[in-house]
Each structure stands twice: as C-alpha cells, then as structure tokens.
2 protein chains.
Amino acid sequence: MSAIADVARLAGVAKATASRALSGRGYVSDETRQKVVAAAALIGYVASPNAASLVTGRTQSVGVIIPFISRWFFSEILESLEQSLLAQGYDMTLYNLPTHSVERERVFDFFLARKRFDGVISVGVELSDDEVTQLHRLGRPLVGIGGEIPGVHTIAIDDVATARLATEHLLSLGHTDIRHVGGDQIDQMDFAVHTKRLTGFNAAMRAAGHSTDDGFSACAFTVPGGYEAGLALFGDPRRRPTAVFAASDEIAVGLIIAARELGIQIPTELSVIGIDGHPYAEMFRLTTIEQHPRHQARMAVDWLLSALEQPSTVGTAQLTRVPTNLVMRSSTSAPR
Amino acid sequence: MSAIADVARLAGVAKATASRALSGRGYVSDETRQKVVAAAALIGYVASPNAASLVTGRTQSVGVIIPFISRWFFSEILESLEQSLLAQGYDMTLYNLPTHSVERERVFDFFLARKRFDGVISVGVELSDDEVTQLHRLGRPLVGIGGEIPGVHTIAIDDVATARLATEHLLSLGHTDIRHVGGDQIDQMDFAVHTKRLTGFNAAMRAAGHSTDDGFSACAFTVPGGYEAGLALFGDPRRRPTAVFAASDEIAVGLIIAARELGIQIPTELSVIGIDGHPYAEMFRLTTIEQHPRHQARMAVDWLLSALEQPSTVGTAQLTRVPTNLVMRSSTSAPR
DNA sequence: ATGAAAGCGCTAACAC
DNA sequence: GTGTTAGCGCTTTCAT
C-alpha cells in the first residue's frame with residue numbers, strides 16, 4: 001500500500017532519511033527519527049521485505065529441512081526452532097523431506113536454489129557432498145542437527161555412546177539376556193542412526209563378555225512398531241529376554257504395551273530402557289536417556305544467527321556433541 | 001549469481017524475451033525459447049523470486065498459522081499442507097501460535113503484515129474480527145481449517161454432530177452409564193471445540209433420556225492427560241461408568257492404558273470410543289470417528305490456489321463440512 | 001515475435 | 001545529519 005516515499009513526504013524528509021530512521025542504520029537526529037516514526041505509524045507503513053532483500057541480499061528468513069514432522073523428536077525440534085527464529089524476527093520456511101523421497105532433488109534444485117533464506121538448518125538429514133557444495137555455493141550459512149556432515153557445523157548427540165550407556169545400565173543391574181529392538185538396518189534413517197545404536201549395544205554387550213548373536217529385532221521407529229516387535233519377541237516365554245534396550249522411547253512404550261497385554265510384569269519379569277525423553281516416559285515410568293531436542297534446536301539457531309552476523313565464522317564448521325543423560329524410572333530393575 | 005541479463009546475452013536476445021521464454025508468459029518463438037532455455041541451463045540460472053515479487057506482487061509462498069505442531073491431528077495437517085504446496089511450487093512459511101500466546105499479536109502486526117505470502121491458511125485458530133479484517137486488508141486469500149469464522153472460507157468437521165454420533169454408538173450398544181472425558185471447559189482450544197464435543201454428548205444423552213449430571217471429566221488433550229483422568233475416574237469401582245466417550249483418540253488411549261493398569265477389562269468391563277483416526281487406534285483396537293486431516297488439508301490448499309488464480313472467488317467465503325466416519329474396533333461392546 | 005525502457009520499493013554511496 | 005543518485009533483478013507496457 002504505502003511506500004517509504006509516502007512516509008518521507010509526510011515527515012518532510014528524504015526517502016533515505018526515512019529508511020535510516022526506520023531501520024536504525026546510519027545517523028539520524030532524534031528529532032527527525034520521531035517525526036519519521038510518527039508518520040510511519042500514522043499511515044500504517046510496513047516495509048516491503050522484497051524490496052529490501054533485493055538490495056541487501058538478506059531475507060530475514062531461514063529454511064528448515066526435516067524428514068519427519070509428526071515424530072516426537074522432530075516436532076519438538078521444529079517447535080523450538082520456530083520459537084527461537086520468530087523471537088529474532090526471522091520467518092521459518094519448512095521443507096519436509098522424507099528420507100527416500102523423489103522430492104529431495106526438487107527441493108535442492110528448485111526451492112533452495114531460489115535463495116529465499118539467509119541460512120539453512122538441516123535436521124536429521126544427511127547431506128551428500130554434492131548437496132553441501134550446492135548449499136555452500138549459495139553463500140549462506142548452514143547448520144546440521146543430528147549427525148556429522150563433513151564441512152558443516154553440526155549439533156548432535158553421540159549415538160554410539162548413548163546406546164552403550166543404555167545397555168550398560170541394564171548390564172549393571174545384572175541382566176545378561178538383553179535384546180536390542182531398534183530400526184531396520186537396511187531401511188535406515190539418515191546418519192545410520194539405527195546402525196550406530198546397534199553398534200553401541202553390541203560394543204557394551206561384548207565388553208561385558210556376552211554374545212550378541214540373535215540379540216537384535218528390527219521394527220518401525222514408532223509406538224505401533226515397538227508393539228508389533230514386542231508381541232513377536234515376548235510371545236514365547238522360553239526365548240524371552242529379561243531386559244530390552246529400545247532405540248527410542250516410542251519403541252520402548254510399544255514394547256511395554258505389548259508386554260502388559262501378554263501379562264508380563266514390568267520390571268520384575270522384563271526391564272525396558274529407551275532413548276529420547278518422550279512425554280510418555282513419565283506415564284510408563286520408563287527409564288530413558290534424554291537427548292534434549294529443544295536444547296539442540298536453540299544451539300543451532302544461535303550458531304546460525306551468529307554466523308549471519310559474523311560471516312567470518314563460516315570456516316568454523318565443527319561438531320558439537322550434546323550430552324545425553326540417564327533418567328531412571330521404575331521400568332528397569334535387577335533380574336529376579 | 002547469474003542474472004537474466006546474462007542469459008539474454010548468451011542467447012543473443014533481450015532481457016524481456018528471455019523473461020518471456022522462461023516464465024511462459026507472452027509470445028516467444030519455439031526456436032528462441034529453446035536457445036534461452038539452453039542458455040539458462042548452461043549457466044545454472046535461477047530467477048530471483050524477490051525481484052519477480054517486487055514487480056508481480058506474487059511471492060509463491062503461503063503462510064500457515066497453527067497452534068500446535070506435535071499433536072497428531074495438527075502434524076498430519078501440516079505434513080499434508082507442505083506436500084500439496086510444494087507440489088504446486090509454493091513455499092510454506094510456518095507460524096506456530098499457541099492459543100494463549102503473547103506472540104499472537106506480534107505475528108499479526110509484524111510477520112503477517114510483511115505480506116511475504118500469496119495467501120494464508122489458518123489451522124485451528126479462531127481469528128477475531130479484527131484479525132480477519134487485518135488479513136483481508138492485505139488483499140490475500142485466506143482459508144481456515146477447524147471451525148467457522150465469519151467472512152472466511154473454512155473447511156471443518158461438525159464437532160457437535162460427531163460427538164453426538166460417538167455417544168449414540170455407545171447408547172446403541174445398550175450403555176446408559178456413559179461419561180465424557182474431554183478438554184477443560186475453561187481453558188479451551190479455539191472454536192470452543194471442547195464445548196462442542198460436550199454439547200454433542202449431552203444432546204445425545206438427553207435425547208436418550210439419560211441424565212448428564214456429573215457426566216464429564218476434564219483433562220489435557222493428550223495420552224498422559226487421558227491416563228491421569230482414567231486413574232481418577234476408574235479408581236473407585238462403585239462409581240465406574242460402563243462406557244466412556246473420549247474427545248480425542250489420544251485421550252481414549254490414555255484411558256485404556258489407565259484402565260488396563262487398574263486391571264479393568266476392555267471392553268467387557270469398560271467400553272471406550274474416541275475421535276480422530278490416530279495411528280494408535282489400531283494398536284488399541286479403539287473404536288473411533290475419523291476426521292481425515294489430510295483430506296481437509298488438501299481441500300484447503302485446493303481452494304486457496306484456485307482463489308489465487310481467480311481472485312473473483314474472494315467473496316465466496318463458505319463453510320465446507322468434512323464428513324466424519326465411525327470405524328468400529330473391539331474397544332466397544334454391549335455392557336455385560 | 002522481439003527489443004527498449006520504465007519502474008516495482010527499498011538501501012547504500014556519495015555528496016553536501 | 002540529511003539529500004541525491006544509482007541501482008538490486010525482474011516483468012511489463014509500448015513500440016517496432
């Protein structure tokens with residue numbers, strides 16, 4: 001509607017002065033600023049971000065690419081990213097990129113190429129070298145959450161160590177017949193999360209002198225996934241483990257639901273531990289390892305925004321490990 | 001990087017011709033188009049949407065305002081919106097607006113006023129008259145999902161009728177001692193969804209000649225919320241209903257978990273019905289009423305994009321009721 | 001069917 | 001401190 005020229009005319013100054021007064025950049029006398037601000041308020045002036053972007057190259061918005069929206073960890077990240085960005089005056093443009101998707105190429109070649117963002121946050125997406133190069137060529141800072149990407153600043157937990165910690169907790173209680181129920185090893189999430197958690201489990205088991213043969217069951221990374229796996233795994237009492245390390249709280253909850261349905265007592269007959277810090281953990285009194293998604297999200301935004309202010313930081317790509325911590329609840333105990 | 005001038009030079013034509021060839025608007029000979037397209041591909045030209053927006057007024061992006069990200073219904077809507085919009089070449093900018101939030105004013109006055117979108121989709125947000133006026137003044141189409149807003153085209157289910165249908169199912173099985181467990185009547189979601197579902201419940205109960213005194217328990221609209229309510233409601237066997245209508249599948253699942261923990265058999269001692277179509281419904285064999293979020297999302301996008309093509313449609317604000325349907329599973333049966 | 005030129009609304013240099 | 005001027009990269013009349 002109204003342009004900055006209208007504001008300038010009304011305030012009796014030049015466009016440039018009006019621009020300086022409103023943006024805060026450059027020298028303007030207090031008196032003039034007041035006039036300009038009043039004039040702008042009077043006619044309800046709102047700057048056109050397009051026009052500003054065209055000349056400054058900044059868009060005041062951040063692109064987020066993420067493979068899931070509805071899974072707890074990711075929606076938690078998303079919510080936190082949105083809040084942090086909004087608080088700093090940034091819009092958040094969302095690209096939902098399922099792992100094995102035909103959209104992926106399109107998002108990179110078409111949507112991201114449009115450069116409608118000042119930076120990109122990649123959540124749980126393992127970018128290929130080509131994709132990183134492509135993104136870097138756009139000259140915009142890039143932050144990853146969820147796993148190491150060469151040349152990209154990243155916030156992530158240590159999946160192997162976390163899985164080892166979970167397993168060690170069960171071992172320390174005296175369990176020896178422990179299973180790992182986690183994501184399928186073929187149909188992986190990015191960053192080989194499934195493999196890393198299995199690796200941590202196997203390492204802990206072997207270090208304690210236990211076999212890892214037949215120690216793993218695959219399932220979908222969801223409550224129903226854990227439920228299905230639980231029905232299959234606990235069906236035969238003779239082959240039932242005394243403890244299970246689930247690769248996520250969702251899976252752990254599904255396992256517990258299945259166990260209860262089969263009449264198995266938690267934790268006297270079966271101990272279960274998960275990873276995440278999901279709100280359901282409380283309800284199921286699930287022992288779990290928290291990975292603080294909101295904290296990770298805030299760190300990512302902080303880094304991105306500071307990289308925007310100090311473009312020198314661009315070379316500083318490094319991996320920040322976020323500590324995870326064990327929260328004990330009564331889903332685990334010593335084997336009887 | 002490269003601008004349209006580069007493409008034009010390389011193809012040996014004027015900027016205007018290059019623009020026409022690439023955008024598809026206006027007359028260009030096939031031969032010329034080919035040359036231009038080849039030149040663009042050669043130097044990896046991508047049009048600057050900012051510059052284009054500045055002159056066309058179109059941004060090729062849509063703003064979405066939504067109160068929750070992690071609740072199933074909303075994340076399902078979000079995922080579907082994103083897919084539909086992406087498929088049509090639109091970016092999606094997300095504004096997460098918790099119901100009682102201080103951010104709300106800021107989003108309207110600052111973020112939405114920037115007009116960085118061609119249209120707005122409001123999901124589960126009951127816009128005030130002022131907000132609608134404000135949005136309409138921006139001259140952009142607006143579509144709502146979740147409840148009637150005067151002057152705004154809306155996609156919604158009939159909450160009262162849906163709640164009545166759910167209650168009638170329990171009544172038709174022969175239940176007379178039925179409770180409704182739903183959202184708090186003071187701390188409402190937008191569109192008074194909590195009240196509407198309670199209203200539908202009360203209407204069905206009274207129509208069948210049953211009292212509605214003491215027939216309602218409030219809880220959070222989540223699985224843990226339903227769980228808490230269930231522990232409280234089912235604790236005393238003497239006051240236990242034979243059936244419960246839960247205002248959402250999440251609540252219903254929480255109730256079932258609580259009931260099982262208390263040793264109550266579903267459905268022989270207690271029948272439960274919910275609303276949503278949540279993926280957990282299958283696992284808990286929950287009878288539910290589906291409300292098809294993805295369908296609603298697609299309808300909203302379709303309407304918005306057609307309104308963008310035919311601005312005449314602007315006056316056509318109307319309420320489209322999305323049909324809901326009962327899916328019977330074994331969480332309900334006749335009272336014994 | 002194509003080219004030349006104007007201008008979308010803003011900010012950044014450079015004068016004063 | 002403030003005004004003038006020159007574009008940012010594109011689309012769109014208006015000529016031709």
Side-chain angles (χ1 to χ4, degrees), chain A residues 1-40 43-61 89 110 113-118 138-140 308, chain B residues 1-37 39-40 43-61 89 110 113-118 138-140:
Chain A
M1 307 284 177
S2 57
I4 201 169
D6 303 326
V7 177
R9 198 176 317 120
L10 189 57
V13 297
K15 284 192 333 181
T17 308
S19 172
R20 281 188 282 254
L22 294 171
S23 70
R25 280 181 286 251
Y27 298 97
V28 187
S29 73
D30 262 7
E31 195 190 356
T32 308
R33 166 173 290 110
Q34 311 238 336
K35 277 195 305 194
V36 172
V37 169
I43 60 176
Y45 167 75
V46 179
S48 154
N50 273 323
S53 297
L54 194 54
V55 42
T56 60
R58 288 301 199 74
T59 62
Q60 298 289 73
S61 95
F110 178 64
R114 298 203 282 204
K115 301 205 285 192
R116 302 230 276 200
F117 45 81
D118 294 337
L138 300 179
R140 303 275 186 278
L308 284 173
Chain B
M1 306 285 174
S2 57
I4 200 170
D6 303 325
V7 177
R9 198 177 316 118
L10 189 58
V13 299
K15 282 191 334 180
T17 306
S19 172
R20 280 188 282 255
L22 294 171
S23 70
R25 280 181 286 254
Y27 299 96
V28 187
S29 72
D30 263 7
E31 194 191 357
T32 309
R33 165 171 292 110
Q34 311 239 336
K35 276 196 305 195
V36 173
V37 169
I43 60 178
Y45 168 76
V46 178
S48 154
N50 273 322
S53 296
L54 194 55
V55 43
T56 60
R58 288 304 201 66
T59 63
Q60 298 290 64
S61 95
F110 178 65
R114 298 202 283 202
K115 302 205 284 192
R116 301 230 275 201
F117 45 80
D118 295 336
L138 299 179
R140 302 276 187 279

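The sequence lines fix the lettering, A, B, ..., with proteins before strands; numbering per chain opens at 1.
We find the NZ-CZ distance between Lys115(A) and Arg140(A) to be 5.0 Å, quoted to the nearest 0.5 Å.
Note: NZ (Lys15(A)) to P (dG7(C)) measures 12 Å, nearest angstrom. Atom-to-atom, CD of Gln60(B) to C1' of dC10(D) comes out at 14 Å; the value is rounded to the nearest Å. The distance between atom CG of Asp6(B) and atom P of dC8(D), rounded to the nearest whole Å, is 11 Å. In this structure, the CZ atom of Arg9(B) is 13 Å from the P atom of dA4(C), given to the nearest Å. The separation between Arg25(B) atom CZ and dC10(D) atom C1' is 10 Å, rounded to whole Å. Residue Tyr27(B) contributes atom OH, which lies 17 Å from atom C1' of dA15(D) at whole-angstrom precision. In this structure, Arg58(B) atom CZ and dC8(C) atom C1' are separated by 16 Å, rounded to whole Å. Atom C1' of nucleotide dC8(D) and atom NZ of Lys115(A) are separated by 12 Å, given to the nearest angstrom.
Comparing atom distances between the Ile4(B) side chain and each of dC10(D), dA1(C), dT11(C) picks out dC10(D) as nearest. For Val55(A), the listed nucleotide lying nearest its side chain is dG9(C); candidates were dT2(D), dG9(C), dC10(D).
Under the 3.5 Å distance criterion, the side-chain polar atoms of Arg9(B) are left unmatched by any main-chain donor or acceptor of Ala14(B). At distances below 3.5 Å, at least one donor-acceptor pair connects side-chain atoms of Ser23(A) with backbone N or O atoms of Ser19(A).
Taking only side-chain nitrogens and oxygens, Thr32(B) comes nearer than 4.0 Å to OP1 or OP2 of dT2(C). In terms of phosphate contacts, Thr17(B) brings a side-chain nitrogen or oxygen within less than 4.0 Å of OP1 or OP2 of dG3(C). The phosphate of dT12(D) has neither OP1 nor OP2 within less than 4.0 Å of any side-chain N or O from Ser19(B). Of the side-chain N and O atoms in Ser29(B), one or more sit less than 4.0 angstrom from OP1 or OP2 of dT2(C).
Arg20(A) comes within 4.0 angstrom of a base, heavy atoms only.
The closest side-chain heavy-atom distance from Arg33(B) to Arg20(B) is not below 4.5 Å. Counting only heavy atoms from C-beta outward, the side chains of Tyr45(A) and Asp6(A) never approach each other to under 4.5 Å. Residues Thr32(B) and Val36(B) form a side-chain contact, since some pair of their non-hydrogen atoms from C-beta on lies under 4.5 Å apart. Residues Ser61(A) and Arg116(B) form a side-chain contact, since some pair of their non-hydrogen atoms from C-beta on lies under 4.5 Å apart.
DNA chain D is contacted by Tyr45(B), Ala47(B), Ser48(B), Ala51(B) of residues 43-51 of chain B, taking any non-hydrogen atom closer than 4.0 Å.
Residues Ala16(B) and Leu54(B) each lie close to DNA chain C; by heavy-atom proximity, the contact nearer the 5' end of the strand is made by Ala16(B).
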